[in-house]
Amino acid sequence: MPELPEVETVRRGLLPALAGARIARVEQRRPDLRFPFPPGFVERVTGRRVLGLRRRAKYLLADLDSGETLVMHLGMSGSFRVDGATPGLFHHPRDKNAAHDHVVFHMESGARVTYNDPRRFGFMLLIPTPELDRHKLFEGLGVEPLGPALDAAFLARAFRGRKAPTKALLLDQRLIAGLGNIYVCEALHRAGVSPLAAGGSLVKAAGAPTAALGRLPGAIREVLEAALAAGGSSLRDHRQADGSLGYFQHRFRVYDREGAACPTPGCHGAILRAVQSGRSTFYCPDCQKPRPCRSGSGKP
DNA sequence: AACACCCCCTGTCGGC
DNA sequence: TGCCGACAGGGGGTGT
């Protein structure tokens with residue numbers, strides 16, 4: 001499930017149960033997820049108070065009063081469920097997946113925060129809080145797509161001279177941190193940019209962004225904001241921490257819509273599926289042409 | 001350096 | 001109905 005809007009939605013959902021709360025007990029039900037849990041994981045987390053819950057890219061960061069930060073990544077199929085403290089919210093179908101409940105945080109308040117992850121591509125680490133920015137996982141991370149650093153000039157600098165397709169560059173967490181396969185497809189469509197075009201083709205010789213590249217930051221921001229407002233996308237029954245479903249998946253314009261009519265007004269194209277670096281790309285070949293002709297004169 | 005490809009793991013879905 | 005391959009929101013590692 002988890003790209004930026006989903007991880008941020010999870011963060012907000014966990015806030016009431018975690019922020020300022022003390023972890024009374026931890027159940028770690030297996031030795032590893034994608035990576036082994038850090039040595040002494042249970043002991044280092046038990047009894048700690050959670051000072052705050054932040055997000056960076058697709059990582060959740062719980063700052064503990066021990067001076068360590070619990071770093072959590074949801075991988076492809078990770079999710080959190082909160083229950084116990086506020087009865088009567090929403091009853092999650094928990095039994096079905098209980099085999100994949102790998103970590104349970106029992107809060108002092110009585111709330112239970114359960115991490116479930118069938119594919120186990122997620123992971124948890126403990127890193128001293130002051131060292132986070134220097135840690136291997138974070139030091140190379142790119143800009144936050146909803147932050148002020150993402151603009152046309154930034155993309156022009158990042159894309160200049162690059163032969164990799166635009167899709168691959170937008171997925172590269174070292175450039176922009178937080179986008180995933182869905183929202184890259186959606187943003188490219190909204191901007192009218194071909195996912196197949198070389199990144200460098202969107203930058204003029206002098207290093208200035210083309211009109212097409214200029215539309216991308218706004219398109220990225222718009223689609224992320226809209227997804228956030230919808231509580232993220234709920235694919236494969238994925239739920240928010242309170243058990244509710246995000247509904248942005250109903251607003252996908254291209255993702256997983258191969259063969260459907262392009263939703264761009266006036267466009268008569270049909271959505272295609274392509275494979276780029278082993279992952280599906282969905283796009284409209286008519287309004288996402290390699291040579292952007294949507295604005296400006298269209299001259300070379 | 002930059003890019004393409006493989007892999008980790010489980011579940012689900014479509015085709016035969 | 002059942003079996004089998006393809007594919008899934010991520011990203012680390014390796015080989016060219």
Side-chain angles (χ1 to χ4, degrees), chain A residues 1-11 29-36 55-60 71-80 93 96-102 115-125 135-142 145 157-187 195-201 223-224 227-228 230-240 245-252 254-259 273-282:
Chain A
M1 125 215 175
E3 299 182 37
L4 187 152
E6 290 76 32
V7 177
E8 178 61 22
T9 298
V10 168
R11 187 188 74 84
R29 297 181 176 170
R30 48 176 303 128
D32 54 43
L33 294 171
R34 175 172 185 174
F35 307 120
R55 179 192 58 75
R56 170 74 169 109
K58 300 172 192 171
Y59 293 90
L60 282 170
V71 174
M72 297 172 281
H73 196 288
L74 305 177
M76 290 278 264
S77 59
S79 66
F80 280 99
K96 180 181 164 193
N97 271 349
H100 301 303
D101 286 350
H102 304 309
Y115 179 69
N116 181 286
D117 188 354
R119 292 178 75 180
R120 303 201 303 276
F121 287 170
F123 55 88
M124 296 190 188
L125 300 176
H135 190 276
K136 185 181 172 188
L137 284 178
F138 297 96
E139 69 172 355
L141 276 185
R157 254 177 282 128
F159 284 16
R160 191 176 188 183
R162 299 290 298 266
K163 290 182 180 164
T166 307
K167 162 96 183 293
L169 295 178
L170 293 179
L171 278 175
D172 187 343
Q173 304 296 299
R174 295 167 301 183
L175 299 178
I176 304 173
L179 297 181
N181 205 33
I182 292 178
Y183 297 108
V184 163
C185 290
E186 293 296 310
L196 310 173
S201 73
V223 73
L224 293 181
L228 223 29
S233 304
S234 302
L235 269 43
R236 289 167 190 74
D237 203 30
H238 196 95
R239 283 161 195 276
Q240 298 176 23
L245 292 162
Y247 52 88
F248 191 74
Q249 66 278 12
H250 302 301
R251 299 232 282 276
F252 291 164
V254 291
Y255 185 82
D256 204 19
R257 303 200 60 216
E258 184 180 17
R273 173 180 176 270
V275 176
Q276 294 181 279
S277 32
R279 315 192 59 190
S280 290
T281 297
F282 298 91

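Throughout, a chain's letter reflects where its sequence line sits, starting with A, and its residues are numbered from 1.
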Within less than 4.0 Å of OP1 or OP2 of [N], is there a side-chain N or O belonging to [X]?
{"X": "A/His100", "N": "B/dT10", "value": "no"}
{"X": "A/Lys58", "N": "C/dG11", "value": "yes"}
{"X": "A/Arg279", "N": "C/dG10", "value": "yes"}
{"X": "A/Gln173", "N": "C/dG10", "value": "no"}
{"X": "A/Ser280", "N": "C/dA8", "value": "yes"}

*Sequence-distant partners of A/Ser280, side-chain contact (heavy atoms from CB on, under 4.5 Å), two or more places apart*: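 With sequence neighbours excluded, A/Ser280 shows a side-chain contact (heavy atoms from CB on, under 4.5 Å) to A/Arg273, A/Phe282, given in chain and number order.
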_Which residues pass the side-chain contact (heavy atoms from CB on, under 4.5 Å) test with A/Lys58, not counting sequence neighbours?_
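Scan of A/Lys58 (side-chain contact (heavy atoms from CB on, under 4.5 Å), adjacent residues dropped) gives A/Val7, A/His73, A/Gln173.
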*Does anything in residues 161-170 of chain A reach DNA chain B, meaning a heavy atom under 4.0 Å, and if so which residues?*
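When residues 161-170 of chain A is checked for heavy atoms under 4.0 Å from DNA chain B, the hits, listed by number, are A/Arg162, A/Lys163, A/Ala164.
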*asked:* Can you give me the dot-bracket string for DNA chain B, 5' to 3', counting Watson-Crick and G-U wobble pairs with both distances under 3.5 Å, using [ ] for crossing pairs and | for partners on another strand?
replied: .|||||||.|||||||
_Pair listing, salt bridge (charged side-chain N to carboxylate O under 4.0 Å, His left out) test, anchored in residues 175-184 of chain A, at least two apart_ =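 Matches after skipping sequence neighbours: none remain.
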[X], nearest nucleotide to its side chain (from [options]):
{"X": "A/Arg273", "options": "C/dG9, C/dC7, B/dT10", "value": "C/dC7"}
{"X": "A/Ser233", "options": "C/dA8, C/dG9, C/dG10", "value": "C/dG9"}
{"X": "A/Leu137", "options": "C/dG12, C/dG11, C/dA8", "value": "C/dG12"}
{"X": "A/Lys136", "options": "C/dA8, C/dG11, C/dG13", "value": "C/dG13"}

*With sequence neighbours excluded, tell me which residues meet salt bridge (charged side-chain N to carboxylate O under 4.0 Å, His left out) with A/Asp256.*
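A/Asp256: no salt bridge (charged side-chain N to carboxylate O under 4.0 Å, His left out) contacts found.
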_Contacts of A/Arg56 that satisfy salt bridge (charged side-chain N to carboxylate O under 4.0 Å, His left out) - sequence neighbours left out_ =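 Scan of A/Arg56 (salt bridge (charged side-chain N to carboxylate O under 4.0 Å, His left out), adjacent residues dropped) gives A/Glu144.
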_The criterion is ring pair (Phe, Tyr, Trp, His ring centres under 6.0 Å); which residues satisfy it with A/Phe159, sequence neighbours excluded?_
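Partners of A/Phe159 by the ring pair (Phe, Tyr, Trp, His ring centres under 6.0 Å) criterion come out as none, since no residue qualifies.
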_Partners meeting ring pair (Phe, Tyr, Trp, His ring centres under 6.0 Å) with A/Phe35 (sequence neighbours left out)_ =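 For A/Phe35, the residues satisfying ring pair (Phe, Tyr, Trp, His ring centres under 6.0 Å) (neighbours in sequence not counted) are A/Phe123.
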*Figure out the CG/P separation between A/Leu74 and C/dG9, and round it to whole Å.*
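So the CG-P distance, A/Leu74 to C/dG9, works out to 15 Å.
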*With distance as the sole criterion, is a donor-acceptor pair present between the side chains of A/Ser233 and A/Tyr183 under 3.5 Å?*
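Yes.
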*Near-parallel close stack of A/Phe121 and B/dC8 base (under 5.5 Å, under 30°)*: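 Yes, A/Phe121 stacks on the base of B/dC8, since the ring centres sit under 5.5 Å apart and the planes are within 30°.
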